[in-house]
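Worth saying up front: this structure is predicted, and the values here are computed from it rather than measured. Keep in mind that the numbers below use all heavy atoms, side chains included, and drop hydrogens, waters and symmetry copies. Below, read A as the first sequence line, B as the second, and so on, with proteins coming before strands; counting in each chain starts at 1.
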Protein chains: 2
Amino acid sequence: MNIGQAADASGVSAKMIRYYEQIGLIRPPSRTGSNYRVYGSDEVHILRFIRRARTLGFSIEETGALLALWQDKTRASAEVRDIASEHISALETKIAELESMVGTLKHLVHCCHGDNRPDCPILDDLAGTTAKSKGH
Amino acid sequence: MNIGQAADASGVSAKMIRYYEQIGLIRPPSRTGSNYRVYGSDEVHILRFIRRARTLGFSIEETGALLALWQDKTRASAEVRDIASEHISALETKIAELESMVGTLKHLVHCCHGDNRPDCPILDDLAGTTAKSKGH
DNA sequence: TCTTGACCTTACCATGATGGGAAGGTCTAT
DNA sequence: ATAGACCTTCCCATCATGGTAAGGTCAAGA
């Protein structure tokens, strides 16, 4: 299987497959006489694993750790759960930050009359000319 | 005022002030005879505006647009509200994505016994060996 | 006055994950 | 034999920020 076919089969772009190889996330595959990379179903399986982990928001580093655990027959599932739990916490922190931004912005938009008057509470807030626009 | 003092006064690092100047977000300030950048309260005010917009998750490009509107005395507040509203939508989309990830991960962690057994539903899901782990 | 340390300048490199493109080699079907 | 679809490596760009190095400047104290 060539890299393009492996890309189609795994959902990981050829570009990224080469990149994952370059950074050591996956092992260099064997090559044909004309230097083409050759992949088998094992490699495709690994690439699918990586894609799924990335889709769930794991960083490449975390993905590498999960991959190592996946391939380690003696691993304890507790390790995996720890990685996942920490990742959940990080995601929830990020969500809370975004929700805080949205809350502030919604408040500002709500206060904005949105017509042709040049007066604008949103800009006033950004400029810091209003006294505590939150908590009115 | 030197760049370090402007940084302290605005909360924007000296590094970023130079960067904002370089990309044209802010105007090059005047210089002393020894080529030091000189800032006044107007510039600090602008930098604070930028910092606040960045804190609210506006990209530098959006921040530039808001800045232009802020400095345009004839602007309509509706334009500002449109930028903010679009930004809220983008943030909410991002939040939904993250929440979806968290939901899946929580389910997986919940299914994981987390002991020393090598069997692990989280890895099984990543590997795609389980039939639809979601919606059990 | 000289020195020291804290500041300033520019220029380059790095991040993380991905895409784009160029220049050149290879394979397959016509 | 040739066209076109693939492959190879190498370099560049993103976005916002931090770091570092080499060199110039300024203020305060000995």
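- Below 30°, between 30° and 60°, or above 60°: for H45(A) and W70(A) the angle between ring planes is above 60°, a perpendicular geometry.
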Next item on the list: Go along nucleotides 20-25 of chain C 5' to 3' and tag each nucleotide: B for a protein heavy atom under 4.0 Å from its base, S when only backbone or sugar atoms are that close, - otherwise.
Entry: BB---B

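- Across all strands, R37(A) comes closer than 4.0 Å only to sugar-phosphate atoms, never to a base (heavy-atom distances).
- L98(B) and L108(B) fall within the same hydrophobic cluster, defined by Ile, Leu, Val, Met, Phe, Trp and Tyr side-chain heavy atoms under 4.5 Å apart, directly or through other members.
- Between Y19(A) atom OH and dC12(D) atom C1' the separation is 15 Å, expressed in whole Å.
- For R31(B), the CZ atom is densely surrounded, since the number of other residues' heavy atoms within 6.0 Å is greater than 12.
- Looking at residues two or more places apart in sequence or on another chain, you find a side-chain contact (heavy atoms from CB on, under 4.5 Å) between S30(B) and V38(B).
- Near-neighbour residues of DNA chain C inside residues 22-35 of chain B, defined by a heavy atom below 4.0 Å, number-ordered: R31(B), N35(B).
- Contacts of residues 53-62 of chain B with DNA chain D (heavy atom under 4.0 Å): R54(B), S59(B), I60(B).
- I26(A) is not listed as a side-chain neighbour of E43(A), based on a closest heavy-atom distance of 4.5 Å or more.
- Between the C1' atom of dT18(C) and the CG atom of L47(A) lies a distance of 16 Å, rounded to the nearest Å.
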Kindly list each side-chain donor-acceptor pair under 3.5 angstrom involving residues 14-22 of chain B, sequence neighbours excluded, with atom names and distances?
residue: E21(B); atom: OE1; partner: R37(B); partner atom: NE; Å: 2.8

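- Within the structure, every side-chain polar atom (N or O) of Y20(B) is placed at least 4.0 Å from both OP1 and OP2 of dA16(D).
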Can you tabulate the close N/O pairs, meaning under 3.5 Å, that link protein atoms to atoms of nucleotides 1-3 of chain D?
none

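- With sequence neighbours left out, R48(B) forms a salt bridge (Lys or Arg N to Asp or Glu O under 4.0 Å) with no residue at all.
- Only N2(A), I3(A), G4(A), listed by number, bring a heavy atom of residues 1-12 of chain A to less than 4.0 angstrom from any atom of DNA chain D.
- Fit an axis to the five pairs at each end of the helix from dT1(C)-dA30(D) to dT30(C)-dA1(D) and the two axes sit 30° apart, to the nearest 10 degrees.
- Applying the side-chain contact (heavy atoms from CB on, under 4.5 Å) test to D8(B) and every residue at least two apart in sequence or in another chain returns nothing.
- Between the side chain of R51(B) and the main chain of S10(B), a donor-acceptor pair closer than 3.5 Å is present.
- Residues I122(A) and I60(B) are members of one and the same hydrophobic cluster, defined by side-chain heavy-atom contacts under 4.5 angstrom among Ile, Leu, Val, Met, Phe, Trp and Tyr.
- Counting only distance, with no hydrogens or angles, the side chain of Q71(A) and the backbone of A68(A) share no donor-acceptor pair below 3.5 Å.
- Placement of L56(B) and I95(A) within a single hydrophobic cluster is found when ILVMFWY residues are connected by side-chain heavy-atom separations under 4.5 Å, directly or transitively.
- Under the side-chain hydrogen bond (donor to acceptor under 3.5 Å, both in side chains) criterion, T32(A) pairs with S34(A), not counting sequence neighbours.
- Listed by first and then second residue, the ring-ring contact (aromatic ring centres under 6.0 Å, His included) pairs involving residues 50-69 of chain B are F58(B)-H87(B) (not counting sequence neighbours).
- R51(A) places its CZ atom 17 Å from the P atom of dA17(C), with the value rounded to the nearest Å.
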Note to self: Let's go through E86(A) and R81(A) carefully: what are the C-alpha distance in whole Å and the side-chain angles of both, what is the deciding distance for salt bridge (charged side-chain N to carboxylate O under 4.0 Å, His left out) to 0.1 Å, and is it a yes or a no?
What the structure shows: CA-CA 8 Å; E86(A) 284 216 7; R81(A) 209 175 60 163; over 6 Å; no

Checklist line | Steps toward side-chain contact (heavy atoms from CB on, under 4.5 Å) verdict (L66(B), F49(B)) | finding: CA-CA 9 Å; L66(B) 291 171; F49(B) 182 102; 4.1 Å; yes

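- One N or O on the side chain of E62(B) and one on the backbone of S59(B) form a donor-acceptor pair closer than 3.5 Å.
- Distance, I17(A) CD1 to dT18(C) P: 12 Å, rounded to whole Å.
- Contact annotation: S13(A) does not reach the phosphate of dT18(C) (side-chain N/O to OP1 or OP2, under 4.0 Å).
- Taking 4.5 Å as the limit, every side-chain heavy atom of E99(B) sits out of range of all side-chain heavy atoms of E92(A).
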